[in-house]
Amino acid sequence: MRITKKFYIRPATETAPLLLGKFLCRNAEGNVIKRRITETEIYFGEDDTACHARSGVTRRTWPLYEQGGIAYVYLCYGIHNLFNVVTGEKGFPQAVLIRGVEGFDGPGKLTKHMKIDRSLNAVCLVGSNEIWLEDDGFLPKFNATKRIGIDYASEHDRNRLWRFVAEDIT
DNA sequence: AAAGTGATCATG
DNA sequence: ATGATCACTTTG
């Protein structure tokens with residue numbers, strides 16, 4: 001069944017591991033794709049030097065400050081659309097980056113396959129018929145590791161174990 | 001190892 | 001208006 005609002009309104013630190021195994025669902029022009037999430041990463045607050053919100057509210061980062069349950073999609077390196085799930089209460093910027101789904105490892109690859117782009121930025125995952133998440137009760141085992149691709153962040157933030165990889169989903 | 005690619009943000 | 005930066009992927 002579709003994941004409801006309540007699931008999203010809690011800290012990304014809680015939500016990120018729970019998102020593993022959930023189905024990311026996308027309806028693009030009547031074509032529905034559903035795939036289990038295999039890899040997630042936390043971006044948490046203005047004090048997290050790896051988080052986009054480290055510079056406060058801007059034209060790009062405003063969705064991070066909304067109440068949990070919406071999408072945050074932005075263009076990375078001029079080429080790749082990266083998909084995040086905004087979590088928590090309104091006013092505290094945080095999100096979970098979806099880094100992989102079954103069959104498609106890599107945050108840019110999965111968005112390409114599922115036709116996710118910036119037109120879905122700030123879309124409500126609870127109410128949209130274009131993109132949403134579903135839960136069938138499956139809870140995979142997982143490992144927590146360091147985040148990837150954030151060399152510019154402080155050592156302290158680089159060392160946080162804020163990346164989660166499911167073991168039993170390929 | 002390194003390019004490709006363009007929105008975003010800080011600076012002037 | 002301009003330039004540096006960047007939560008990546010692919011190619012050699």
Side-chain angles (χ1 to χ4, degrees), chain A residues 8 10-22 24 26 28 33 35-125 130-131 133 140 142-166 169-170:
Chain A
Y8 300 104
R10 51 182 160 184
T13 43
E14 276 182 50
T15 314
L18 291 175
L19 281 171
L20 296 172
K22 303 291 184 282
L24 175 56
R26 167 77 170 124
I33 308 173
R35 289 189 173 267
R36 285 194 197 276
I37 294 169
T38 59
E39 188 176 332
T40 62
E41 229 173 45
I42 298 167
Y43 289 90
F44 196 72
E46 293 181 349
D47 292 339
D48 174 10
T49 58
C51 182
H52 283 173
R54 62 188 179 278
S55 314
V57 185
T58 67
R59 208 162 58 250
R60 178 172 67 163
T61 63
W62 68 264
L64 293 170
Y65 290 79
E66 294 299 302
Q67 187 183 55
I70 66 171
Y72 171 54
V73 186
Y74 73 96
L75 189 66
C76 182
Y77 295 114
I79 303 175
H80 303 104
N81 292 285
L82 267 56
F83 172 71
N84 300 246
V85 174
V86 175
T87 63
E89 296 290 353
K90 185 177 172 71
F92 187 96
Q94 49 176 302
V96 178
L97 170 66
I98 307 303
R99 295 192 57 93
V101 298
E102 48 184 334
F104 293 88
D105 245 6
K109 285 189 197 167
L110 79 89
T111 54
K112 184 177 178 187
H113 175 251
M114 300 188 80
K115 299 187 164 52
I116 295 169
D117 62 24
R118 283 165 298 157
S119 68
L120 295 171
N121 189 33
V123 162
C124 178
L125 300 170
E130 291 206 279
I131 188 162
L133 275 71
F142 63 90
N143 297 116
T145 72
K146 292 179 185 177
R147 290 180 288 179
I148 288 179
I150 54 164
D151 291 348
Y152 59 89
S154 72
E155 184 177 1
H156 181 249
D157 287 330
R158 288 199 311 271
N159 287 332
R160 293 182 184 279
L161 299 180
W162 274 359
R163 172 174 171 247
F164 303 93
V165 185
I169 314 175
T170 60

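Only a predicted model underlies this, so the values are computations on that prediction, with no experimental measurement involved.
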Less than 3.5 Å apart, any donor N or O on the side chain of A:Q94 or A:Y72 sitting next to an acceptor on the other? no
Check for me: is A:Y43 stacked on C:dA7 by the 5.5 Å centroid and 30° plane-angle rule? yes
Check each residue of residues 80-91 of chain A for a non-hydrogen atom within less than 4.0 Å of any atom in DNA chain C, then write out the ones that pass by number, or none. A:H80, A:L82, A:N84
Measure from NZ on A:K112 to C1' on B:dT5 and round the result to the nearest Å. 14 Å
Test applied, side chain to side chain contact (heavy atoms under 4.5 Å, CB included); reference residue, A:L24; option that passes from A:T111, A:I33, A:I116: A:I116
Gap between atoms CG and P, on A:N121 and C:dA7 respectively (whole Å): 16 Å
Determine, for A:E66 against A:K90, whether the closest basic-nitrogen to carboxylate-oxygen distance falls under 4.0 angstrom. yes
Within residues 145-164 of chain A, those residues having any heavy atom closer than 4.0 Å to DNA chain C are A:G149, A:I150, A:Y152
What integer distance in Å separates A:H52:NE2 from B:dA7:C1'? 11 Å
Shortest non-hydrogen separation from A:L82 to A:N84 and the atoms involved: O-ND2, 3.6 Å
Heavy-atom side-chain contact between A:R26 and A:F83 under 4.5 Å: no
Nearest whole angstrom, please: distance from the C1' of C:dC8 to the CD1 of A:I116. 16 Å
I want to check a possible cation-pi pair here: A:R35 against A:F104, using under 6.0 Å from ring centre and within 45° of the ring axis as the test. no
So that I can tick it off, tell me whether A:R147 and A:E41 are bridged by a salt bridge, with the cut-off set at under 4.0 angstrom between side-chain N and carboxylate O. no
What's the closest nucleotide to the side chain of A:L75 if the choices are C:dT10, C:dC8, B:dG6? B:dG6
Select one nucleotide: of B:dA7, B:dT5, C:dT9, the one nearest the side-chain heavy atoms of A:Y77. B:dT5
The residue, A:R60 or A:C76, whose nearest nucleotide of DNA chain B is more 5′ is A:C76
Is there a Watson-Crick or G-U wobble partner for C:dA7 with both distances under 3.5 Å, and which nucleotide is it? none
Among B:dT5, C:dT10, B:dA7, which is the nearest nucleotide to the side chain of A:I79? B:dT5
Report the C-alpha distance between A:T13 and A:W162 in whole Å, list the side-chain angles of each, state the deciding distance to 0.1 Å, and finish with yes or no for side-chain contact (heavy atoms from CB on, under 4.5 Å). CA-CA 8 Å; A:T13 43; A:W162 274 359; 4.1 Å; yes
Closest to side chain of A:Y74, choosing from B:dA7, C:dA7, C:dT9: C:dA7
Should A:R59 be listed as having a side-chain N or O under 4.0 Å from OP1 or OP2 of B:dA7? no
For atom NZ of A:K109 and atom P of C:dC8, their distance in whole Å: 12 Å
Find out whether A:T15 and A:V85 are in side-chain contact, i.e. whether some heavy atom of one side chain is under 4.5 Å from a heavy atom of the other. no
Just the rounded figure in Å: distance from P of C:dC8 to CD1 of A:I98. 14 Å
